[in-house]
Amino acid sequence: MSLPSNLPINPDRLWASLAAMAEIGATAKGGSCRLALSDEDKAGRDLFVSWCEQAGCTVTVDRVGNVFARRPGSDPSLPPVVMGSHLDTQPTGGRFDGVFGVLAGLEVIRSLNDRGLATRHPVEVAVWTNEEGSRFSPPMMGSGVVTGVFALDEILDKIAQDGARLGDELVRTGYAGDAPIEHPMHAYLEAHIEQGPVLEVEEKEIGVVTGAQGQRWYEVTVTGVEAHAGPTPMRLRRDALVASARMVQAVQTLGLETPGDACTTVGILDVHPHSRNVIPGRVFFTVDLRHPDAATLAGMDRRFRDAVAAIAGEAGVTAEVADFWEFPPTPFDATLVNRVRDAAAGFGFSHRDIVSGAGHDAVYVAGKVPTAMVFIPCEDGISHNEVENISPADGARGAAVLFEALVATAGTV
Ligand SMILES: [Zn+2]
């Protein structure tokens, strides 16, 4: 659908800013490479800070390098309504993952300025440090420290794949700030590309994100008996790979049979001794179960364990299931989610409720502060890829919805 002419934001200015940011760390195939706290990440942050200062914002940097650009509100005693996302990318990243949420937030502030609109709450745009978790692990570090998921000192001592210490890289790039880690927020709104195909396939212009999926990760070790592939009759085998194959199938069936956006994945499988004429004696594989509802996810956990135990019994092998990591389902704030939905409807944009399958800074922030997200479609659902793409109209719609939800939350004078 064509774009309404009365949008509260400037689509051309937003698109030009996205293009200018993409020049920093541009890759041969049209993507971006700005690894966290690299020279390119510093250059991207510097450009963002200069734009914010031109827009009249006060910029502060906290001790883990998160950047906050503030436009004052009429009541300085009130905590800010914060928009934002991240500017770092994967090594072969796209031009929009994270960047869109940051620059859509800046576009909202520029548009408030254009209209001379004063808000009651201060309004901020946040750039969270190291969302991607590529150069430094784990991901979502900056938002994780601010929300108490990680301890500051532990994060400052993280070592990159290239041997650099995070705290030293903050100093080297000029982003070792002195603002305190505690950062009061009235609410948090993050715009982001969907990074999946649902909106495009269903021809929806806006995704109203109602929360994030819970995740449970496991490591499974199946042990049978290694034996010669010739002299060992089929009926006497205890083949760890054949049993594992049935378990992989059971994991897929679990995902297909569980209602309501279940996702189940086996991503790694190692076969021992990995020899073509030896019956495999040991197999290791990983399992990733996801669902937006905690009770359903707990039920998936039980069915998964039962299936593995039953198959192991039938196959005469043993199977050990180890918990590796888990993250609870995170529902977003109903009032804020309604504001996003109302904004999309108000502009006449086609929209649907959607659950985020990926991790985002908003997922950590939601643990402390009322939070919502706005998704826009991305071409073919592709992300974490140099060909990642959106249309200028998709970007404009997302920024317009962000503007309306922000104004409704920050209040006007
Ligand atoms: Zn992202």
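Both ligands and their constituent atoms are indexed starting at 1 by order of listing.
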Under the 6.0 Å and 45° cation-pi test, does Arg45 pair with Tyr175?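 Verdict for Tyr175: a cation-pi partner in Arg45.
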
Looking only at atom types and distance, does a side-chain atom of Gln215 sit under 3.5 Å from a main-chain N or O of Ala358, one as donor and one as acceptor? no

Compute whether any side-chain donor of one residue and acceptor of the other, for Glu107 and Ser111, lie under 3.5 angstrom apart. yes

Looking only at side-chain N and O atoms, does Thr89 offer a donor or acceptor that is under 3.5 Å from a partner on Arg95?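 Side-chain D/A pair, Arg95 to Thr89: absent.
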
Can you name the N, O or S atom of Asp97 that is closest to the Zn ion (ligand 1)? OD1

Heteroatom test (N, O or S) for Glu131 near the Zn ion (ligand 1), limit 2.8 Å: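 Given the 2.8 Å cut-off, Glu131 does not count as a ligand of the Zn ion (ligand 1).
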
Give, rounded to 10 degrees, the angle between NE2 (His192) and NE2 (His86) as seen from the Zn ion (ligand 1).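 If I round to 10°, I get 120°.
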
